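Beneath this line is the structure, given in structure tokens, with notes to follow.
All values reported here derive from a predicted model rather than from experimental measurement.
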Amino acid sequence: MPPKAHLEPHLTLEDLKVRYRQTRDTTEARRWHVLYLVGGGWTIKQAAEVVGLNYDYAKEIIRRYNREGPSSIKNRNRERQAPMAKSLLTARQQQELMEALQGPAPDGGSWSGPKVAEWIAHKTGRRHVWPQRGWDYLKRLGVKWKHPTTTDDFQ
């Protein structure tokens with residue numbers, strides 16, 4: 001039988017049980033559960049199997065807990081945010097775009113994502129701006145547009 005894993009005495013077995021049962025985050029709950037089982041004499045392999053974790057991941061949970069204590073169990077995925085896309089327009093240029101959107105598009109029709117992208121390319125001197133970025137600016141600036149409707153479409 002493999003040797004039992006060692007847990008540093010950061011928390012009592014009862015404290016591990018309470019944290020396992022009271023946490024609302026499922027990732028953290030599984031980590032606390034592994035710690036609780038290992039603290040109760042289970043092997044890492046047994047605990048990982050019961051909790052449904054990969055053995056190597058369970059070992060890493062134990063290592064981090066021993067090294068860093070209870071704070072290592074926190075699920076940090078929620079704290080991570082996708083990096084914001086770099087703005088193509090300065091605040092001043094965004095204001096100019098907002099003013100331009102109050103009137104007709106340069107071709108006389110309605111504004112669209114591709115038309116806003118062309119406006120951005122012209123304003124910033126870029127060779128190309130993807131149409132999706134135009135749509136992004138329409139949404140960012142809260143612009144409501146109307147789709148032209150005709151009765152000929154469905155006859």
Side-chain angles (χ1 to χ4, degrees), residues 5 7 10-11 15-38 44-155:
L7 280 185
H10 298 294
L11 297 171
D15 290 336
L16 293 173
K17 181 179 179 181
V18 167
R19 291 194 184 203
Y20 154 57
R21 291 193 170 180
Q22 289 184 348
T23 186
R24 296 195 184 279
D25 184 286
T26 55
T27 300
E28 289 179 26
R30 293 172 86 189
R31 292 172 182 171
W32 286 117
H33 196 182
V34 164
L35 291 170
Y36 172 67
L37 293 174
V38 169
I44 297 173
K45 183 177 180 180
Q46 292 169 330
E49 195 172 297
V50 166
V51 176
L53 294 176
N54 175 286
Y55 171 74
D56 290 329
Y57 180 58
K59 259 186 3 186
E60 183 57 30
I61 291 168
I62 303 295
R63 277 192 204 112
R64 274 189 301 179
Y65 177 78
N66 284 340
R67 189 176 54 241
E68 302 169 29
S71 64
S72 68
I73 303 307
K74 184 170 171 62
N75 183 1
R76 293 178 182 92
N77 284 339
R78 291 187 177 184
E79 295 172 359
R80 294 184 185 123
Q81 294 180 351
M84 290 187 57
K86 184 178 175 198
S87 183
L88 295 174
L89 300 174
T90 65
R92 184 175 179 189
Q93 289 171 328
Q94 285 185 48
Q95 184 59 39
E96 289 178 43
L97 174 58
M98 190 64 184
E99 291 167 10
L101 292 171
Q102 303 307 311
D107 66 359
S110 299
W111 284 97
S112 65
K115 291 177 185 178
V116 172
E118 287 178 31
W119 185 95
I120 293 170
H122 176 74
K123 183 57 82 174
T124 61
R126 293 175 180 264
R127 288 190 332 187
H128 179 74
V129 174
W130 290 100
Q132 180 60 46
R133 294 303 296 267
W135 282 115
D136 292 343
Y137 273 96
L138 284 170
K139 287 190 298 187
R140 181 184 297 182
L141 298 173
V143 174
K144 305 282 188 233
W145 62 92
K146 296 179 184 172
H147 294 282
T149 56
T150 63
T151 56
D152 298 333
D153 291 342
F154 299 104
Q155 293 182 357

Residues which pass ring-ring contact (aromatic ring centres under 6.0 Å, His included) with H10, listed by chain and number, not counting sequence neighbours: Y65

Within-4.5 Å side-chain heavy-atom neighbours: L88 and D136: no

side-chain contact (heavy atoms from CB on, under 4.5 Å) between L141 and Q94, intermediate numbers included: CA-CA 8 Å; L141 298 173; Q94 285 185 48; 4.0 Å; yes

Main-chain N/O of I61 paired to R31 side chain as donor or acceptor, under 3.5 Å: no

For G69 against S72, the heavy-atom pair lying closest together: O-OG, 2.7 Å

Atom pair CZ/CZ of R133 and R140 - distance to nearest 0.5 Å: 7.0 Å

For E96, side-chain hydrogen bond (donor to acceptor under 3.5 Å, both in side chains) partners two or more places apart: K123

Exam field: side chain Q102 to backbone M98, donor-acceptor pair closer than 3.5 Å: yes

Within 6.0 angstrom of E49 CD, more than 12 heavy atoms from elsewhere: no

Nearest-0.5 Å distance that lies between atom CD in E68 and atom CD1 in I73: 9.0 Å

Pairwise distance CG(L37) to CD(Q46) - rounded to 0.5 angstrom: 9.0 Å

R30 side-chain N/O to V51 backbone N/O, donor-acceptor pair under 3.5 Å: yes

Contacts of R76 that satisfy salt bridge (charged side-chain N to carboxylate O under 4.0 Å, His left out) - sequence neighbours left out: none

Closest non-hydrogen atom pair, S110 against A105: O-CB, 3.8 Å

Student check: side-chain heavy atoms of T27 and N77 closer than 4.5 Å: no

Trace of the side-chain contact (heavy atoms from CB on, under 4.5 Å) decision for L11 with V18: CA-CA 10 Å; L11 297 171; V18 167; over 6 Å; no

Pairwise distance OG1(T23) to CG(D25) - rounded to 0.5 angstrom: 5.5 Å

side-chain contact (heavy atoms from CB on, under 4.5 Å) evaluation trace for W119 with Y137: CA-CA 11 Å; W119 185 95; Y137 273 96; over 6 Å; no

Between CG on residue L35 and CD1 on residue I62, distance to nearest 0.5 Å: 4.5 Å

Minimum heavy-atom distance Q93-T90, with the two atoms named: OE1-N, 2.9 Å

Residues V116, W135; criterion side-chain contact (heavy atoms from CB on, under 4.5 Å); working and verdict: CA-CA 7 Å; V116 172; W135 282 115; over 6 Å; no

Closest heavy-atom pair and its distance - S112, L138: C-CD1, 3.7 Å

W130 (side chain) donor-acceptor with A117 (main chain) under 3.5 angstrom: no

R21 atom CZ: more than 12 heavy-atom contacts under 6.0 Å: no

Check: P106 and E118 side chains under 4.5 Å, non-hydrogen atoms: no

Heavy-atom donor-acceptor pair, K17 side chain to Y36 backbone, under 3.5 Å: no

Straight-line distance of I44 CD1 to L53 CG, nearest 0.5 Å: 11.5 Å

